[in-house]
Amino acid sequence: MADAKREIERKYESDDSGLPDLTGVGGVAAVLDKGVVDLDATYYDTADERLAAASLTLRRRTGGSDAGWHLKLPVAPGVRDEIRAPLSDTVPEELAALVRSRVRDAELIPLVRLRSARDVRHLLDADGVLLAEASVDSVTAQRLTRKGGAAQWTEIEVELADDGDPAFLDLVDKRLRKAGVRPSTSPSKLARALEQTSGRGHHGKSKAGRRSKGARPPVTAGDHVLAYLRAQRDVLVELDPAVRRDVPDSVHRMRVATRRARSTLRSFRSVLDRSVTDPIGAELKWLAGELGVDRDQEVLADRLTTALDALPPDLVTGPVRARLASWAEARHGSAHGHLTGVLDSRRYLTLLDTVDTLLATPPLRPAAGKPPKKVLDKAVRKDLATLSDLIGQALDAPPGEERDIAVHEARKKAKRTRYAAEAATEALGKPARALTKDMKSLTTLLGEHQDSVMARRTLRELSAGAQAGESGFTYGLLYGREEARAAAAETELPGLWREITHRTPG
């Protein structure tokens, strides 16, 4: 079973390859020599180095205290999550799954072998508590593909102890710089190995470096739409491992990216040929729905738990809290397992491939080559006009199910209008930013109404599942409060919509 560790470290270079005395730096009372450890790591990637291009590293390492398979996922500069699995001859399935959104059907092959003689020092405080591990690594790299180039170098690495204060590394950094030690120009050993074994030299540009520069700035209407769509594709791929690991909020963020991508295809049909994009939009709708199973349950559980916690104890009768917790746990476990299966499915991987193909060879219509302002403004205004009609229908609908449905439809259109304004922001500037902000306020209000509808439905289900003799008082009380929250949203909607329409230029 794989486990995870947050790794916070900094890498350095030194002409004399020495580690200066760090005693006294940031509370370091002692520097303990732990000797030299021999490490032997083989890094795996696709033949076209897709993992390296995304700053991911997958390795099989022997030697040291953590021999096994390690997958490192970037979090921030100098911060990575290291997912570990026991030593085996082949890539563990749990790690292969975490890179599947990038690898797809490509084979993971040995790419580079790194052998390091690591001279380790432990930096301890006055109580003997580990603050960080500093090491001097003498590295030999051998490329296992192509012409099999080789390289050697020495680097200094300082890794913060678990639960340590990152500010400590700033103090160590000042001391190292003062001693003539320089921050490494490569983010990882693998990146440096790829540079130096490719014939480009230490300061050359690796394939990952070239890709990270991205596309040229958008000029035409098509450029702007594709740039926004490309950003959503990148978010989908990047969040895939987090969703599989059940990282908080990852499902929500992935679902939003999916909806943004679908909305882009629908809002800008004057730019992209809908005969090509409509089938992709249908698949994005399917994916958003699958992601919504887990997300909607999570939102409901949080909402109902918060509402229950707000009640005075004497108003909570029967095992309501236990039933709610059991419902939430069972739904989440089932939903997450189902979602993992979706992310492993051929349908999902084909969708990613199809979006990649769309971005590589976009089905552009004549408007795509025009200046962006007029084309994008027209598309945004069309969405806004449709939204206005739906808001009117929601306000005119009688209270009850008919109004609930109308409000929900208006909410979906408000989201689409928001995403269209986001996509057009770079071209349209302040008006698009203002509309995006207004649409966010509107979707928040409409979302409060929809969450109340769903919460009442869940309360009815929980109440119906109660055993004979259990009090239904608390369920009814919560239901009544949810009705009041929905009514408050309905009351606030006309005023908010008037404010938005008055701020929006005609």
Side-chain angles (χ1 to χ4, degrees), residues 4 6 163 239 242-256 259 288-340 399-401 403-405 407-408 411-412 414-415 440-493 496:
R6 178 61 55 88
D163 301 320
L239 284 174
V243 171
R244 292 174 185 271
R245 295 171 56 206
D246 205 13
V247 174
D249 203 40
S250 59
V251 172
H252 170 61
R253 291 162 59 205
M254 190 174 186
R255 188 185 189 191
V256 168
R259 285 175 162 173
E290 296 290 359
L291 290 164
V293 173
D294 198 11
R295 172 61 182 172
D296 289 344
Q297 183 276 332
E298 180 183 350
V299 170
L300 278 174
D302 288 344
R303 184 183 182 95
L304 293 175
T305 300
T306 300
L308 187 60
D309 290 342
L311 292 179
D314 59 337
L315 296 183
V316 180
T317 61
V320 178
R321 194 177 305 277
R323 290 201 178 281
L324 177 57
S326 177
W327 172 84
E329 182 178 356
R331 288 290 187 92
H332 176 70
S334 174
H336 186 259
H338 172 74
L339 183 54
T340 300
E401 184 177 0
R403 179 177 292 177
D404 292 344
I405 294 173
V407 169
H408 184 47
R411 177 187 179 223
K412 291 191 291 185
K415 285 185 177 181
K440 183 176 181 180
S441 298
L442 180 61
T443 54
T444 298
L445 180 64
L446 300 178
E448 168 68 13
H449 186 278
Q450 177 63 14
D451 288 347
S452 172
V453 172
M454 300 304 295
R456 281 176 276 156
R457 181 180 301 172
T458 300
L459 287 167
R460 288 196 298 268
E461 293 175 359
L462 291 172
S463 177
Q467 295 182 0
E470 286 185 22
S471 171
F473 172 79
T474 302
Y475 295 115
L477 179 59
L478 292 174
Y479 190 97
R481 293 192 172 193
E482 287 294 348
E483 280 188 319
R485 293 174 74 172
E490 293 173 10
T491 300
E492 187 179 344
L493 177 58
L496 176 59

| Contacts of type side chain to side chain donor-acceptor pair (under 3.5 Å), residue Glu290, not counting sequence neighbours | Trp286, His338
| message | Among residues at least two apart in sequence or on other chains, which ones pass side chain to side chain donor-acceptor pair (under 3.5 Å) with Glu461? | response | none
| note | Arg244 meets the salt bridge (charged side-chain N to carboxylate O under 4.0 Å, His left out) criterion, sequence neighbours left out, with Asp240, Asp344
| field | Donor-acceptor pair, side chain of Ser250 and main chain of Val247, under 3.5 angstrom | value | yes
| pair Arg323-Glu470: side-chain heavy atoms closer than 4.5 Å | yes
| request: Identify the two heavy atoms, one from Ala455 and one from Leu304, that lie closest to each other, and give their separation to 0.1 Å. | output: CB-CD2, 4.0 Å
| field | Residues forming a side-chain contact (heavy atoms from CB on, under 4.5 Å) with Thr443, sequence neighbours excluded | value | Ala414, Lys415, Arg418
| field | Side chain Thr340, main chain His336, donor-acceptor under 3.5 Å | value | yes
Sequence neighbours excluded and cut-off under 3.5 Å, please list the side-chain donor-acceptor pairs for residues 308-320, or say none.
{"unit_1": "Asp309", "atom_1": "OD1", "unit_2": "Arg321", "atom_2": "NH1", "d": "2.6"}
{"unit_1": "Thr317", "atom_1": "OG1", "unit_2": "Ser471", "atom_2": "OG", "d": "3.0"}
{"unit_1": "Thr317", "atom_1": "OG1", "unit_2": "Thr474", "atom_2": "OG1", "d": "3.4"}

| remark: Applying salt bridge (charged side-chain N to carboxylate O under 4.0 Å, His left out) to Lys440 and not counting sequence neighbours gives none
| note | Note: Ala328 and Gln297 closest approach over all heavy atoms is O-NE2, 3.0 Å
| query | Considering only heavy atoms from C-beta outward, does the side chain of Thr305 approach that of Leu324 to under 4.5 Å? | reply | yes
| task | Flag the pair Ser452 / Arg303 as yes when at least one side-chain heavy-atom distance between them is below 4.5 Å, and no otherwise. | result | yes
| request: Output the distance between atom CD (Glu482) and atom OG1 (Thr458), rounded to the nearest 0.5 Å. | output: 9.5 Å
| query | Mind checking what makes side-chain contact (heavy atoms from CB on, under 4.5 Å) contact with Gln450, not counting sequence neighbours? | reply | His408, Arg411, Val453, Met454
| query | Can you name the residues that form a side-chain contact (heavy atoms from CB on, under 4.5 Å) with Arg460, not counting sequence neighbours? | reply | Arg456, Arg457, Tyr479
| field | Check against side-chain contact (heavy atoms from CB on, under 4.5 Å), Leu339 and Val251 | value | CA-CA 9 Å; Leu339 183 54; Val251 172; 3.9 Å; yes
| said: Glu492: which residues meet the side-chain contact (heavy atoms from CB on, under 4.5 Å) condition with it, sequence neighbours left out? | reply: Leu445
| Pairing residues for Glu490 by the side chain to side chain donor-acceptor pair (under 3.5 Å) criterion, not counting sequence neighbours | Arg403, His449
| task | Using side chain to side chain donor-acceptor pair (under 3.5 Å) as the criterion, list what pairs up with Asp296, not counting sequence neighbours. | result | Arg255
